[in-house]
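Data block below; observations after.
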Amino acid sequence: MATAEIEVPTQELPSLADANRDISRPISTPYRRYWLLLGICGVLIAAAGVAWALQIRDGMGRAGINNPVNWGVYIVTFVFWVGIAHSGTLISAVLYLVRSGWRTTINRTAEAMTIFAVMTAGLFPLIHLGRVWYFYYLVPYPSTRLLWPNFRSPLVWDMFAIGTYFTISLVFWYLGLIPDLAGLRDKFTGLKKRLYGVFSLGWQGTVKDWSHYRRLYLYLAGIATPLVLSVHSVVSWDFAMGIVPGWHSTIFAPYFVAGAIFSGIAMVITITIPLRWAFGLDRYITKYHFDNMAKLLLFTSLIVGYSYGMEYFLAWYSADPIEMQSFLWRGTGFYAGPFWIMVFCNVVVPMSLWFKATRNSLKALFVISVFVNIGMWYERFVIIVTSLAHEFDPSAWHVYTPSLTELTILVGSFAWFFFWFLLFAKTLPTISIAEVKEHLAHEHEHGH
Amino acid sequence: MNDGDVEHSGNETTATAEGTTRREFLKVLGVAGAGAAAAACGPPDTGDKLIPYLIPPDDIVPGTSVSYATLLTGAGPEPLAIHAQVRDGRVIKLEGNPSRPTGGALSALAHSSLQDLYDPDRVPGPRQRTANGLVDATWEDGIAAAGAAVAGGSTVLLTPPAVGSAARFYQEWAAAVGATWMPWEPLGLEALRTAHGIAFGIDAIPTYEINSSDHIVCFGADFLGTWLAPVEMGARFAAARMPGHGVQARFSFVGPRLSLSGLKADEWIPARAGTEVLVALALAREIASRKADGRAARVESVLDPFTLDSVAEAAGIEAEKLRRLADQVATAKAPIALPPGIAAQGPVATDMHLAVILLNYVCGAIGSTVKFDGETVRPRHVPFAAIADLGRRMSAGEIQTLIVAGVNPAYATPASLGFAEALSKVPNVISLSPHADETTSAAGWILPSHHELESWGDGLLSRDYMALAQPVMQPVFDTRQREDILLQIATAAGAADSFQAADYSGYLQGVWRELHDRLPAGAPGFDDWWYQALADGGVSLAVPPVTDVAPPLTAAAANYSFRATAAPADFSLITYPTVQFYDGRGANRPWMQEFPDAVTKAVWNAWVELHPETAGPLGVETGDLVQVRTEAGSVTAPAYVYRGIRPDTLAVPLGQGHAAYGRTAAGRGFNALDLLDGTPDQRSGALAYAGAAATLTATGQRGKLVIMQGSDVDLGREIAELINIDDVPDAMEHEIDLTTLVEAAYDSDPRSPYRWGMAIDLNACTGCGACVTACYSENNLPVVGEDLCDQGREMSWLQIMRYYEDTEEGFQAVHFPTLCQQCGDAPCEPVCPVYAAYHTPEGLNGQVYNRCVGTRYCANNCPYKVRRFNWFTYERPYPLNLQLNPDVTVRSKGVMEKCTFCVQRINRAKLDAKDEGRLVADGEIQTACMQSCPTQAITFGNLKDPASRVSRMAKGARGYRMLDELNTRPAVTYLKSVTHAAMPESEHGHGGDSEHGD
Amino acid sequence: MSGILAQFETLGATKTAIERLRAEGHSDLDVYSPFPAPELEQALGIVSSPVRRWALIGGITGFLTAAGLTGLTALAYPLVTQGKPILSWPAYFVIMFEMTILFTGLFGFLGVLHHTRKPGRLSPQYRTTFSVDRFGVYVPAAAGADQRGVESLVRDAGAVEVEVGV
Amino acid sequence: MTPSRRLIAAAVIVAVCLPLALIVFVSGAPDATGQQAAATGEQQLPVRLDPIKPRTPTGMTADEAIAAHENATEGPEQPIPFNHRFHTQELRMQCEYCHGGSDRSPIAVMPALDLCMGCHRIVGANLEPIQRLRGYYDSGEPVPWERVYKLPEFVQFPHRAHLRSQVECEECHGKVEEMDRVYKFSSLKMGWCLDCHWQPGEDTDVATDRLLTEQFPPPETPDERQPIGLYPRRLNEHYGANRGPIDCSACHY
């Protein structure tokens, strides 16, 4: 039981009222800095929007992709964001199931991240579609053609997996929010009261209600856990189901899931550190939480590194010339750069987390997490692009370099993500007040 | 069919016939084309009007193609009898006339003459040069002006070599108006003719029956690509090389550079440029000494100085190789030596030809494999020297009027000759060319003539067959038949009475009446005979059998003093014609610019070929800019590092570097002729295309040369297979019976009687690319341009990959046509989320364009990389869009497309069969590629019919499937290429992996 | 209708108050808590929530929906891809799995809304302090019950504030 | 709290019925088309070359015909007020007289102006529309008829195959002989095509091909071959094979 170990001296324990006040303090009229950030995001999003519009007008040719390399930055970024989306539900659900208390103060942020990351990822399948104005062909609806989607296609699985993941995450997140919304309802007056009132559905926290609430929360955590695993497995199958050398591998599902958690945790760290600083939540998000996240980061980094090695081992052991040549080229050919960036960021850098000093230094942690984010984007790039560039028929080999359009949309996707996150940070409690209070209450009990 | 288009265009055509202005006709056709181009993306935007015929033509059912037989003389070195597929008044496809020996076969250049017809840059009507440039003018003024000029005297008429009645017409015309007629062919056969004149005292071009030969020794002629008669020779070559039927002929290639033909050779004797003559003589001497018969005795003295070792020394090759070759030729039953073509035509061209003739003479080929059938069918033309002289006379102001029709001397003669400047010295330059080429743009008057497909004409295809050319569609522009223009000029010049016929078609009929008069009694009346000829595309002539196929050797030849050229200090330069551009006439056709060169696979450019050993020290890689300098001039161009060339030789292609001629051609690459000083061969007056001394410097800059092939070697992946002739297996290894396992793998619906399949004989494929262009023409493939090609966005459904396979002594190319394999277990199908890619009951990988949303997953999952994605919507500038085939949807942006074995042809055949209550018969369906293959390397048919030709070939001993280990169960079976060269132990070489983009 | 609303500051106090009240026979108590407190549920004798049944039904529905969607649409226009059977259940199972989870979650949520009568109005006994740090126990006045007794009882239990007649 | 109750009840009902509804729909879809198709299948189609059933002429005059066309509400008004009802019923003309050749062509053949003038040099020469027709003819301009039926480019529709399979003109174009002004009778949507091409219980096109192998070996000489348009019906009657392919590539390429 991690609960007992919170290394916050008792006398510093905030009272339940403090919790309400501190955590909902940021929900107030923002400073100019905030508007500035929001504005920057808006501009970048607009730029990406223009880029996409032009691409729809002229054709996919505006992207850099070509005949052997039919998937490029768009799919890379799609997988990247789906990966980011995974930490949220993992921290909330899995850690909830295993009763590791340190999740309490970060699960809200992580879940919000999940929602926004999926919202970002979900755009990319549309952006990369050659004829996006016919996207509804993918939707199972009764049409005069009597035609339906092909449910044998991994892309359709993907659509259902992502859709389910988004919905369940949203429910999970919202359910957790309801009691806090009620708190805000009681705190504010006027329009704000009205708004929070509507969304809190008239929650008044009777013990009966709490019992239903806890039950569902448990169930959601229970189904979300296999869901997390399934979603990124399905995403990995977009590749593993193909026969492309470098894709067609059974280790892909676990490999991708580990990678997803890896990148997700990294993103949580990247976000919570500035958040904690900006909103002065030092008393709630403590070194202890970061230490645990760092350990998780280290652990997943080891899994990812192992997978990299394993891919090469399998290729070598298969004695299949095509596999061997493909992987040899991956590390030495045109894309050696991205490959080694990937290895450095994902395997070498995180090794520093073996040392407690690094784990406890927020600066170091922040830098490392950023490295991991970059590395994980490159991992997807390496997997997708290098495999396609050198396929079975050598005469068809051709390489790919991203175009300006693709990069604009890539940057725009980050802006889009942070745009939503900024809105969230200013309108909703970034920490689950109710759960914090539950903890504090127990602490006080112990204290007495 | 999309009624919209078809009815529009069709009926408008006839409307034109009935007198609506041509502009309207074109406008509506344009709309139709645009409509077609908008297909596959939302609703089409054809007009919402229905335009019926005024007077329905008897023989036309709207919406169906009619094929008219006609003659194509301007597409490459040989005249071709063709069938023009006309749909609703527009020619949409050219096919070989199936009644001729070469069947439906055509060359790439012939297919692309459609784009010549629909060239948006053609001169749309008469033009006059005034102070402020070219302005529109009327025919009347033009004819009047031309007439006056011609009446002024000292007129020269410059045309391509004229076949059939045209030759006679030009002579009569020249006589009538007192002009000189000069028929000219830049890549002419003057040297060959002269040599035969010396050797046998006859002016003739023999027939080279390589099909009945068992050892072909080629001294440089690119006979499968650009020399003499590539389509016909292709068929003969395939026959000679067919393993199993007797023994496959050996093929040795002598020369400094492997051309398209050379790449098929079992053995390469890389003789230094200009020393082929010595090699030929040395071989002749060896063989003569072995044979020691009468013929040998006749030429003993002249051959005596050329001992093997001295020659080997001079030619820079191993005497051993030469001796071995001599043995092989001497022991061969029916050897044949092929003369140097254009690429080996140096300052001693005549001697070189003569040497080859002597070799043929001593080894007994003359009369057996080299036949002289009396009067040659090849039109005569003046040698290059005469043109050079004309240039001089022009600059001297001796020429008052120059009428240029269909030739382009300002481009096709070396710049050092200054023909372009000379043009300005001529008071009246009148161009009758349909294109605004370099010469035309210097003309004072442009009176554009019809394209061949809009014209009347005729010509001998063989000594017993006279072909007839007829207009197959309404003129696209305001042009006139070339001969008619001349007639009108003659009239204007006051020479009207010398011609009875009012126009050329009348003149032509007049000539044919004479032909008809010679028919035996009981022949049909002229009209019936004439219309039959029009329908058939020509008539067979009753000619006396050939008596003298082997004329005696003259004394002149027996005591000839041969000359050889001295080796230049640095490099000797070769300028050679390519399949796609020939003498440059193909340069303004998008299909030809995007046609990957058979040897280099480069597109949209010109390049400098050099050997790795040359490039290495200079640190030059493919694509780096190098400068080639001769006395005549210098060019800077991207290098192409090529294993098939001697280290002391450089090679550059002809046909690019146009200053005018159209938007597609202008400013691409360089004109190789700028490097030649225009020295003709003294004896024949032929231009020396080879042997110029050149220097090479690396500029250190990176140029742009787009190569359409990734790796040149298959890295042991057993994709392109080359085996030694002794290793040809008795039965197919690990054969999959595509006809019995169908239920297991669902190659096709078990109940369907069809499973369409294809067999491709790599041994027969010469990489000439006719199939590629045929596919462009049949399936409305867009042309994307150089930049998109560079990004790997080409749209060709069928590509010919050129793989190098190492042999023990060298290497040999295997040309590998890659198209959709129509897999039984197709990886592309299940990944499509919307069933746009699926399996048809007849075993095709269907591709439903209008269902496709463009995820491109199918293309990723295709191991053969034969799917093509529409990255943009590609425009076809009017009137190029008139060529679109209405049977095939024109794809637009965001749609995946690929080969479906010409499913439109399959469906048509099935309908015909059903109407007659039967099944489709074997051979009834021909895919476009199969149809136009000169060597019949491609066979298409029903794999479920064990008797069908394709089934038998698919089970053949040499058969294998591409990447079979993936168990995709392709419907395409490749037959291994077979060589006489010894193969190394590891059958697959890993030589020089030149990887694209890395 | 009037009753007694007592506010407490600690979990323990609330718990004892509830236990005593129930011992006194006050069964229908409304207890408010600022955070999920299992202790109070035990005290109130709440064993399990019917939400579990909702989740189960949801899961089954989702599974069947997916099975129907995939299987029947495949039969609706049978098209072969790569020789796979028209009914490729292994592939369809992915869809079934996802839909099962989706419906489980959604039905569960509906279940909670249903049993907690949400969305709805706040009860008159609700005090905003309940969402901050106070626990509330509302004892509706039973017919003939002794209001004073209740009041003193909750005060003894440690109620910091008691309202009568709300 | 009844409002929330109602909401929840509704939600539950929807959620439970969704799969059922779906199952019904999907399994129902082919049946629905099937019944229609069966209906058309049972009705005895007249052999194609029979004349249109003679109807008692309504005694319509040319002027009435012209007026009727101009007053008709459905379909586009044509540059020349051509009245199909008048020509087919009053004058007893056959479709093939003007639209002949459709059975040899992928497209429906539109009558040439020449054909119209065949009669109208004399007949009704004094009528104003006929004079305009004459005007077109003399000026050598074709009549710009308003298009009624238009298929997208990506659909390849062979009229010939359908006519030879004895599909009646009116199955798709409606009773043109009763139209004063021709209007779009059928949607031309894919589902509409499938109503015919899709015959539950009947076999698909490949079966037709298979049966051909068994029942119709290729005859030696062309003249022994099946009379055009006969065999598909015989296949339908004897073997219940269908009227046409449902394979995508039959129409989309």
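These numbers come from a predicted model, not from an experiment. Each chain gets a letter, A, B and so on, in the order its sequence line appears, and its residues count up from 1. Note that these values count all heavy atoms, side chains included, but never hydrogens, waters or copies made by symmetry.
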I would like to know whether B:L911 and D:R160 meet side chain to side chain contact (heavy atoms under 4.5 Å, CB included); could you show each step before the answer? CA-CA 9 Å; B:L911 282 183; D:R160 136 186 160 182; 3.0 Å; yes
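In this structure, CG on B:D887 lies 6.5 Å from CD on D:Q156, to the nearest 0.5 angstrom. For the atom pair CD of B:Q847 and SG of D:C248, the computed distance is 10.5 Å after rounding to the nearest 0.5 Å. Rounding to the nearest 0.5 Å places CZ of D:F154 at 13.0 Å from SG of B:C852.
Only the side chain of B:Y838 comes within contact range of chain D, with heavy atoms under 4.5 Å apart.
Among all heavy-atom pairs drawn from D:S249 and B:G846, the shortest one is OG-CA, 3.8 Å.
Without hydrogens or angle criteria, D:Y253 side chain to B:T900 main chain gives no donor-acceptor distance under 3.5 Å. Checked by atom type and distance alone, the side chain of B:N850 never pairs as donor or acceptor with a backbone atom of D:V155 at under 3.5 Å.
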